[in-house]
Structures are given as structure tokens and as C-alpha cells.
Novice: 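What follows is a single structure, and I will ask about it in a moment.
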Amino acid sequence: MSQAVSRYNKSMDQQHFFQRGLIAWYQPENRPLPWKGINNPYHIWLSEIILQQTRVEQGMSYYLRFVEAYPSIRDLAAAPDDEVMKLWEGLGYYSRARNLLAAARYVTTELGGVFPHTYTGILALKGVGAYTAAAIASFAFNLPHAVVDGNVFRVLARFFGISTPQDSTAGKKEFTQLAESLLQRDQPALYNQAIMDFGATVCLPRNPKCGQCPLHTECVALRDKRIAELPVKSKKADQDRAFFSLFDLQLRR
DNA sequence: AAGTCGGGGAA
DNA sequence: TTCCCAGACTT
């Protein structure tokens, strides 16, 4: 019992260190972005759809062009399909554009142009999954939902030394629960921005800046020299290629 | 649980 | 080349 309590307390200390360190580190002006510091749900939503599996630098100009072309969600809803697809050209994952338009029309016609303001309402929109719903809910409405994207998986896996594959069912559950427990519920938007900015600028996928990391003294992966191994993914394109090239080699003999 | 959808930058 | 990017959806 006392051991369990002790371990529990240590974990809580670790979590508090993480939260405080992250917030202390975060300076919004370090990474100014057009969709940062605003609370227009339409603009937030648009930016999040564009940024799905897309680098900020690549999505930036598209976001600006969409906002320019369609100042309101009604404008987007009224746009012809081919015009929107043309504007999306070059971004990839074109189903995002189709879902974007479908959702815009749904909000405009079915919801009277009022963007849904609850997590479940937002999640119901086409093209909006758990991550995007949490992002919109927190950034636009300051609702307490923790974002869990590639940055968050990486930061949490390393700092807490979690080796559960992030793309497994168990992993998604574990990381999501941890993220929710870490979320500073009195300032969800700020906290979510902070952890993603941290992952994008300090706790990088390769060659993370551990030397100048404000959390390095308590980072489990750094302590155990497992930075390069974390986070773990079970889907390994790598493994498949290795297998098939080996198979190929057998056939050639 | 595994597969699919993409262009692009960095190592 | 490989990995990964503010993932979601279908099978």
C-alpha cells in the first residue's frame, strides 16, 4: 500500500514537473502562426484540416488562400466543388477537401451556420477525428480536451519513457489518458499549444534539442538513453521492405 | 488491426 | 531512400 502510494506520488511529481516546465517554457510569440491566438471556430477548423499530416510550412499558404477566398463558412459552403478542389491542389489527401466542403455545407444548412460548440458536435463533422475535435474544442471554445497528435505521442513517450506502440489500440488509449491527466484544465488552449510547439521545436523526431530542453533533467528516455527508440510504432514500412527484399532475394536464387 | 490516402522537407 | 508531418476513414 505504502509502496503504491509512494510510486503514485512520484508519478504525480513527474507530471507536475512536466506541466510547470512546459508552461514556463512556452512563449507564444516564439512561433507566431496565423491561426494562433484566435478563437474563430471556422478559422481554427480550417487550419486543423489543412494541417492534418501536413507540415506547418507547407500548409501556411493554403490556409491564407482559403481564408482569403472564403472569409466565412457560408462562403465556403457556397463554393463550387471544382473551385475548392482546385484551391486544394498540391496539398495531397484530397478526401480532406471533399470532407471540408461537406462539413461546411452541413454546418451552413443543417446548423444554421453556427459552428458546433461541443466536443461531440465537432467530432461529428466529416474529416474531424479525435485530435482535430480536441484542437477545435480547446482553441476555439477553451474546452478541456487534450490534443494527441504526432508531437504529443513523441513528447510523452520520451519524457515518461513509454514504449507502448503509439499506433496500437492500447497505445492510443494509454497516451490519450495520460494526455488528459496532464491537461491543465484551467487553460486548455494554452497547454495544448505549448505541448505541440514543444514537440515541433525542441523534442524533434530526429536530433531533438535535449541540450537546451527545459525538461531534460526529468526525461526518462534521455536518462535511459532511449531517445532514438521512442516513440515506438508498430506499423513499420521498414520491416515490410526488409521482409519483401529478403523474399525477393530467395526467388532470385 | 491493418490498409489507404500524398506532397514535401530533412537526414 | 527513409521517416515523418497539428490524422481520419474504410475494410
Side-chain angles (χ1 to χ4, degrees), chain A residues 26 28 31-38 41 43-63 66 85-103 122-140 145-158 164-173 175-176 179 183 188-209 227-245:
Chain A
Y26 185 54
R31 201 188 182 209
L33 299 171
W35 49 84
K36 219 162 158 178
I38 64 174
H43 288 172
I44 300 289
W45 165 67
L46 182 57
S47 73
E48 293 300 340
I49 299 300
I50 288 175
L51 292 173
Q52 285 169 3
Q53 291 295 288
T54 303
R55 293 172 189 279
V56 166
E57 309 80 57
Q58 187 188 359
M60 180 79 77
S61 65
Y62 284 86
Y63 170 77
F66 266 84
M85 296 310 293
K86 184 70 182 175
L87 206 52
W88 194 272
E89 207 169 81
L91 248 195
Y93 284 138
Y94 295 91
S95 63
R96 288 184 296 171
R98 292 190 288 272
N99 288 334
L100 186 79
L101 198 40
I122 297 166
L123 186 60
L125 300 177
K126 283 189 178 179
V128 174
Y131 160 75
T132 302
I136 298 171
S138 63
F139 298 147
H145 294 274
V147 292
V148 183
D149 72 335
N151 290 306
V152 176
F153 278 121
R154 185 171 59 256
V155 170
L156 298 185
R158 287 176 177 164
T164 312
Q166 67 176 61
D167 54 347
S168 66
T169 302
K172 287 174 193 165
K173 184 177 177 183
F175 282 101
T176 299
L183 176 68
L190 183 77
Y191 174 82
N192 280 336
Q193 283 288 359
I195 193 169
M196 287 197 288
D197 269 18
F198 181 73
T201 62
V202 179
C203 197
L204 305 171
R206 280 175 289 187
N207 305 119
K209 303 178 178 175
I227 289 288
E229 309 169 18
L230 298 174
V232 174
K233 290 184 183 178
S234 52
K235 291 179 190 169
K236 285 185 184 168
D238 224 15
Q239 222 166 43
D240 296 342
R241 289 174 206 285
F243 173 75
F244 284 118
S245 62

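These numbers come from a predicted model, not from an experiment. Convention: sequence-line order gives letters A, B, ...; per-chain numbering from 1.
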Novice: Work out how far the P atom of C:dA6 is from that of B:dA11, and round it to whole angstrom.
Specialist: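 Straight-line distance between the two P atoms is 15 Å.
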Novice: To the nearest angstrom, how far is A:Leu204 atom CG from B:dG9 atom P?
Specialist: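 So the two atoms are 17 Å apart, to the nearest Å.
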Novice: Considering every strand and a 4.0 Å limit on heavy-atom distances, what is the contact class for A:Ser47: base, sugar-phosphate, or nothing?
Specialist: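 It contacts nothing in the nucleic acid.
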Novice: Given atom CZ of A:Arg206 and atom P of C:dC4, what is their separation to the nearest angstrom?
Specialist: 7 Å
Novice: Heavy-atom nearest nucleotide on DNA chain C for A:Arg55 versus A:Lys126: which residue maps closer to 5'?
Specialist: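 Mapping each residue to its closest nucleotide by heavy atoms, the 5'-most match is A:Arg55.
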Novice: Can you figure out which of C:dC5, B:dG6, C:dG7 approaches the side chain of A:Thr54 most closely?
Specialist: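 The closest nucleotide is B:dG6.
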Novice: Ring centres under 6.0 Å, that's the criterion: do A:Tyr62 and A:Trp88 meet it?
Specialist: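 Not close enough - the centres of the two rings lie 6.0 Å or further apart.
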Novice: Quickly work out the A:Gln58 CD to C:dG7 P distance and round it to whole Å.
Specialist: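 Going from CD in A:Gln58 over to P in C:dG7 covers 12 Å.
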Novice: Hey, does the side chain of A:Asn99 reach the backbone of A:Lys126 with a donor-acceptor pair shorter than 3.5 angstrom?
Specialist: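 No; judged by distance alone, with no hydrogens or angles, the pair does not exist.
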Novice: Taking atom types as they are modelled, is there a donor-acceptor pair under 3.5 Å from the base of B:dC5 to the side chain of A:Arg96?
Specialist: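 Per atom types, no contact qualifies.
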Novice: Atom NZ of A:Lys235 and atom P of C:dC5: how far apart are they, to the nearest Å?
Specialist: 13 Å
Novice: Ignoring the backbone of A:Tyr93, work out which of B:dG6, C:dC5, C:dA6 is nearest its side chain.
Specialist: B:dG6
Novice: Could you state the CH2-P distance from A:Trp88 to B:dG8, rounded to the nearest angstrom?
Specialist: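 Interatomic distance, CH2 of A:Trp88 to P of B:dG8: 14 Å.
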Novice: To the nearest angstrom, how far is A:Tyr131 atom OH from C:dA8 atom P?
Specialist: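 Distance, rounded to whole Å: 8 Å.
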Novice: Is A:Arg98 touching bases, backbone alone, or none of the nucleic acid, heavy atoms closer than 4.0 Å?
Specialist: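 Nothing, no nucleic acid heavy atom in range.
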Novice: Using a cut-off of 4.0 Å on non-hydrogen atoms, how would the nucleic acid contact of A:Trp45 be classed: base, sugar-phosphate, or nothing?
Specialist: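 Counting heavy atoms under 4.0 Å across all strands, no contact is made by A:Trp45.
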Novice: Quick one: label A:Ala200 by what it contacts on the DNA or RNA (base, sugar-phosphate, nothing), any heavy atom closer than 4.0 Å.
Specialist: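 No contact.
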Novice: Rounding to a whole Å, what distance do you find between A:Lys209:NZ and B:dA10:P?
Specialist: 13 Å
Novice: Nearest to the side chain of A:Asn99 - C:dC5, C:dG7, C:dC9?
Specialist: C:dC9
Novice: With rounding to the nearest 0.5 angstrom, report the CD to CG distance, A:Gln52 to A:Asp149.
Specialist: 11.0 Å
Novice: Give a yes or no on whether the backbone of A:Pro231 and the side-chain of A:Arg158 come within a donor-acceptor separation of less than 3.5 Å.
Specialist: no
Novice: Just checking A:Val128: base, sugar-phosphate only, or nothing, at a heavy-atom cut-off of under 4.0 Å?
Specialist: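 Result for A:Val128 = sugar-phosphate.
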Novice: In terms of the nearest nucleotide of DNA chain B, which residue is placed more toward the 5' end: A:Glu57 or A:Gly92?
Specialist: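 Of the two residues, A:Gly92 wins.
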Novice: For DNA chain B, whose closest nucleotide is more 5', that of A:Asn207 or that of A:Gln52?
Specialist: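 Closer to the 5' end of DNA chain B: A:Gln52.
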Novice: What integer number of Å spans the P atoms of B:dG6 and C:dT11?
Specialist: 15 Å
Novice: Give, for atom CG of A:Leu87 and atom CG of A:Leu100, the distance between the pair rounded to the nearest 0.5 Å.
Specialist: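 Between atom CG of A:Leu87 and atom CG of A:Leu100 there are 10.0 Å.
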